[in-house]
Each structure stands twice: as structure tokens, then as C-alpha cells.
Number of protein chains: 2
Amino acid sequence: MAVMEAVTHLDLPGLRRSCARCSLQQLCLAGGMSHEDLDQLDDIIRQRRPLGAGARLFRMGQGLDSVFVTRDGAVKTVTFGENGDEQIIGFHLPGELIGLDALADGKHRCEAVALTQTSLCEIPFAQLGEVAAQIPGLQQQLMRVIGMSVGRDQDHKEILVRRQANERIALFLHGLSARYKAIGRDPVRLQLPMSRIDIANYLGLALETVSRGFTRLQDDGLIEVRGRQVELVDTLGLARLAHGLVEAPKLRHG
Amino acid sequence: MAVMEAVTHLDLPGLRRSCARCSLQQLCLAGGMSHEDLDQLDDIIRQRRPLGAGARLFRMGQGLDSVFVTRDGAVKTVTFGENGDEQIIGFHLPGELIGLDALADGKHRCEAVALTQTSLCEIPFAQLGEVAAQIPGLQQQLMRVIGMSVGRDQDHKEILVRRQANERIALFLHGLSARYKAIGRDPVRLQLPMSRIDIANYLGLALETVSRGFTRLQDDGLIEVRGRQVELVDTLGLARLAHGLVEAPKLRHG
DNA sequence: CGCAAAATTGAAGATTATCAACATCGGTGG
DNA sequence: CCACCGATGTTGATAATCTTCAATTTTGCG
């Protein structure tokens, strides 16, 4: 029961803070639980030393040992087709659960890779099951968290079915903004943790198309792009574009 | 606790058959449970009178009362954008769980519509939670079933990111075949329960593109199309196309 | 400061959406 | 039993969008 790690005495920022004092509490597994129950949850959660960009949480085919919740930073989950090409299945921001892909048969069908320096909570799955059986609130909250993950999957699909590249990009930014807002970050000035290639891959587009889309949205006055920092200028217009309410996105005359 | 309905004495085919004798047992919530536990599960499951094509299981915004498992037939889940257009989120074949979209906040964000005459099992969600807390096996199996649903979502995404229409179609048929096989149906001669429009919507394509894709795949000797009956002739070739291993799907010279 | 990776921009070619006409299927009623 | 009708599905032509290949610029970091 290796609950405590060498990490305990390091006192790095964000480490060994209890769930009770975690700002992500409401979004995470800890949501809506009594202080007593939180202690029990705390006991099984391992808080890992921050991972560097590119570090892997788990690999495809590996058994489901733990589920993870990002605490700070960002993670992408990817699969690899027969031809070996990477496909990004999801981006995971703070408070979002990672590892559900192994729920079906106990083996991961994704690989999880840190996009930036990332610290996260690790929850041994077997122990989670045990504790959840004892604490009714945790059981319920686990379902809610799973539901949120399913909801993000659905959002991703709703992006991918769009035929217009700019609509996908607008939806992507719009959704990201909402997620940032939910974790108390600035929903207008977005600091993107992922590259254009990763965005393109996630959106099912060529990277050049994404690049062009960004400049196009900027030219139309919807966003302001400075590398990986994107500012949402005309949130309403962006939302209209995102929801396909712009009939003819014509070029300016001339 | 309205467990029994007027339906009890009807003895329609597929009605009031216990989980223990259900052919879908292994895929469904009943998988891997003892005979005793199955009885307990049986007690909370309502088996509904078959629904006609077009009937709705639940609507968007409605509270999560029950989850459903298709027993026979097929169901689609759809959302409606701001502009009112329908978007198909998933197709649900026998043994597949429906209703997880409401797990996050207790309200459905999809609508579920029967594609053909469909009979299914209804499981009141509150009671499921109670029983699951008592039966450790059910808890575990519930996770597995949720995991399978998440896996299908991932498959759907992997279809949608494909840029080539024929690849999407090939992947769609390939995946459908696998699901048919899992429930003991012929994985080669597929009887599609959904229209071309629905397929196009699900694949993020125009319906004409789907129609052309079908005939193209037929011309290439991969499938044989007779309306909604599609026979997979060259399964290997179809898989190769599905996985993007065909470099240049050129037209025949001339 | 310089280099490699990341991002932008340009031009050409290919694929798909769209509009439109036509064929086919299934069910209903004569 | 056949004919009709609407719904469903197929096919054709055109225009628009996206991908691809290529060159260039910018960024980030040692």
C-alpha cells in the first residue's frame, strides 16, 4: 500500500495538498463529499512529482493500474493506427479524468502524454473501487466525473462532424474557453498548451488549414493570435460561427 | 416501485425473459455475475413493449430516469444544434447501453430514437445504483459496460478524423461488422437499420457522398450493395482501406 | 547569436458539397 | 393484382474548400 512516496518531503508547489484544499475539488472526484470522506479519498491518492513535457502516463496495451486527474498542465491521449500514425483522442485540462479508455477490458487503448510540465493526482483503480463501495457519495461523484468525460467526447464529435474548417476551429476555441472558465482561468486570453500540429490532428485537419484558419479568424476580428496565446475578441461572433449560423463566410470584396 | 408493468402477462417474444437466459448476457450488465445476483438484477429491469420505428426513449433536457439496453433492433442518439439541425451521436445495437449522456448533470443532452422496431430493457437508474452498491460484481460490470460505450465513442472519433470519405465508410462498415459479430449476427451480410441520410450524418458527410462511396466500394469489389443490405466481399481489402493503407485510390485507367 | 523546430503563406491539384435530375423501393388504394 | 405516390437512394455537373507540396518567416532555446 505504497501511498506515500519519496515525494512527501519535497513540498513542491501543488504537492501534498489535500483534496479538501484543492481548487479543483468540485470538478474532480472530491466533489460534494464530506470532510471525513475526503480524508479517506486523500489516503489513496498519490500525488506525483511533476512530469516534463513529452512524459508518458501510460502506454497502449498496458493494464489499468490507476486513473489520473490533471492538477496543473495538460495531457493528450493518443492512439496509433496500423500505419503508425498518431491520432489525438483528447486533451485533458486540470480536473479532468484520464484513463477511462481502459475500463472496457482493463487494457489501455490510448497512450497519455504530457503536453507541458504537468502535475497530477494518481488514483490506484483497485483501491478506488474499494473505497467507492464504502462511500456512497464517491460512487455517485465517480459517475458524474465519468459523465463529464463522456460529454467532452461528445463535444469532440460535434466538432469533427463539421465540414467547414473554420467552424471546427471556432468550436474548438469556444469549447476550450468554456473549460478554462470552469477551472477559474481566463476564458478570453487562452494560453494553448498544444502545438498547431496537435490541434490539426485533434480537429481532423491539415496543419496548414489550422494555421490559415487562425489568421482568417483574426482578419475577421474574432480572435487575436500571438503564437500559442489566443485572445477571443468577439466571443459572440465566434459562437455564431461555431454553431454554423454564418451562412456565407465570404472573402471581403477585393 | 413500479417494477412490473401491464406488460407482464403479454408474453410477447423477448419479453420477461430473464437475464440468465439472455443471449446478450455477456455484453450487457449481466456479464460475469452469479445466478443469485442475476435474480436481483432481473427484479429491477423493466422489459418494455417493443417500440415502433421513430419512437423516442427520452428527449434532450429530460432527467435521467433510466438507462436502456437494446435487446433487439437499433437506436440512434441525436442532438440538435442552435440552428435546429439534427446530429447523430451514436448508433446502438443489441446489448449496448443507452443513456450515459446524462451521467454528468442528470439531464440528457441527447435524444434517443428507435430506428426500427426495437425492444429493450429499461433499468431505473436510482435502483441500479442501490443494487450495484450491494453486488460488487455488478459494480464492476457496470464499469466494463461504460468502458465499452466509451470505446465506441473513440471508434466513432477515429472514423470522423479521416479525410477520405471512402475511408470513413470502410471504417464504418468494418466496425459495424465487428459489432454484429459480437452479438452473434452474420458479420458479412449486414442488414443496415439506418438510412443513407443517417449514415451520412453520422459520418460527417453529404448523403450523396455516402451513396457514391457505396457504389465505389462495390465497383472496387470490396462490398456488394443491395439497398440496405450490404455484403462485405473483400474483408481484407476493406480493412486495408479502412486503416488508410491504400496509398492512391486512383480511378481505373480510362 | 545561430540553429532547429514551429508556424505562416503561396499556388496547384484533388476531393467533396451542392444543386438538380432521375431511378428505385415500399406501401396504399383502386 | 396492379398502378400510383412519396420517400429513399443514385447519378451527373459545377463550384468551393481543403490538402498537398514548397518556400519562407518566426519562435524558442542552447
Side-chain angles (χ1 to χ4, degrees), chain A residues 52-54 76 85-86 88 115-117 159-170 172 191-220 223-230 241 244 246-252, chain B residues 52-54 76 85-86 115-117 159-170 172 190-220 223-230 241 244 246-252:
Chain A
K76 66 176 173 182
D85 58 346
E86 173 178 321
I88 298 181
L115 286 168
T116 62
Q117 173 155 311
I159 290 175
L160 289 172
V161 292
R162 294 307 173 92
R163 289 132 194 207
Q164 198 92 2
N166 287 350
E167 287 186 19
R168 293 195 204 179
I169 295 170
F172 171 67
Q191 185 65 33
L192 304 181
M194 71 292 279
S195 69
R196 297 286 193 271
I197 294 184
D198 281 348
I199 296 174
N201 185 305
Y202 181 79
L203 298 182
L205 299 169
L207 88 93
E208 296 94 328
T209 307
V210 172
S211 190
R212 276 185 255 268
F214 272 62
T215 56
R216 177 68 201 286
L217 262 45
Q218 180 169 238
D219 289 348
D220 288 356
I223 63 176
E224 196 73 39
V225 182
R226 277 190 305 280
R228 290 197 182 182
Q229 177 169 277
V230 177
L241 175 56
V246 183
E247 42 274 8
K250 296 254 169 63
L251 287 166
R252 284 207 188 81
Chain B
K76 66 176 174 182
D85 57 347
E86 172 177 322
L115 286 168
T116 62
Q117 174 155 310
I159 290 175
L160 290 172
V161 292
R162 294 306 173 91
R163 293 145 189 187
Q164 199 90 5
N166 288 349
E167 288 186 18
R168 293 195 204 179
I169 295 170
F172 171 67
L190 311 179
Q191 186 64 35
L192 304 181
M194 72 291 279
S195 69
R196 297 285 194 270
I197 294 184
D198 282 348
I199 296 175
N201 186 305
Y202 180 79
L203 297 181
L205 299 169
L207 88 92
E208 295 96 327
T209 307
V210 171
S211 190
R212 276 185 254 269
F214 271 65
T215 56
R216 177 69 199 286
L217 262 45
Q218 181 170 235
D219 290 348
D220 289 357
I223 64 177
E224 196 74 41
V225 182
R226 275 191 305 282
R228 292 196 182 182
Q229 178 169 277
V230 177
L241 175 57
V246 182
E247 45 275 5
K250 297 253 168 61
L251 288 166
R252 288 207 185 80

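Chain identifiers are assigned alphabetically (A, B, ...) following the order of the sequence lines, protein sequences preceding nucleic acid strands; residue numbering begins at 1 within each chain.
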[N] OP1/OP2 closer than 4.0 Å to side-chain N/O of [X]:
| X | N | value |
| --- | --- | --- |
| A:T209 | D:dT19 | yes |
| B:T215 | D:dT11 | yes |
| A:R163 | D:dA16 | no |
| A:R212 | D:dT19 | no |

What is the distance from atom [atom1] of [X] to atom [atom2] of [Y], rounded to the nearest 0.5 Å?
| X | Y | atom1 | atom2 | result |
| --- | --- | --- | --- | --- |
| B:L241 | B:D220 | CG | CG | 8.5 Å |
| B:R228 | B:R196 | CZ | CZ | 8.0 Å |
| B:I197 | B:S211 | CD1 | OG | 11.0 Å |

Roughly how many Å is it from [atom1] in [X] to [atom2] in [N], rounded to a whole number?
| X | N | atom1 | atom2 | value |
| --- | --- | --- | --- | --- |
| B:L192 | C:dC25 | CG | C1' | 15 Å |
| B:R226 | C:dG26 | CZ | C1' | 18 Å |
| A:E208 | C:dA7 | CD | P | 12 Å |
| B:Q164 | D:dC18 | CD | P | 16 Å |
| B:F214 | C:dA23 | CZ | P | 22 Å |
| B:R168 | C:dT15 | CZ | P | 14 Å |
| A:L160 | D:dC18 | CG | C1' | 16 Å |
| A:L207 | D:dA23 | CG | P | 17 Å |

Nearest to the A:S211 side chain among C:dA17, C:dT8, D:dT19, which nucleotide is it?
C:dT8
Please determine whether side chain to side chain contact (heavy atoms under 4.5 Å, CB included) holds for the pair A:T215 and A:V225, giving the CA-CA distance in whole Å, both sets of side-chain angles, and the decisive distance to 0.1 Å.
CA-CA 7 Å; A:T215 56; A:V225 182; over 6 Å; no
How would you label the contact of [X] with the nucleic acid (heavy atoms, under 4.0 Å): base, sugar-phosphate, or nothing?
| X | value |
| --- | --- |
| A:R228 | sugar-phosphate |
| B:G213 | nothing |
| B:S195 | sugar-phosphate |

5'-most contact on DNA chain D: B:V225 or A:A206, nearest heavy atom basis?
B:V225
Within-4.5 Å side-chain heavy-atom neighbours: A:L203 and A:T209:
no
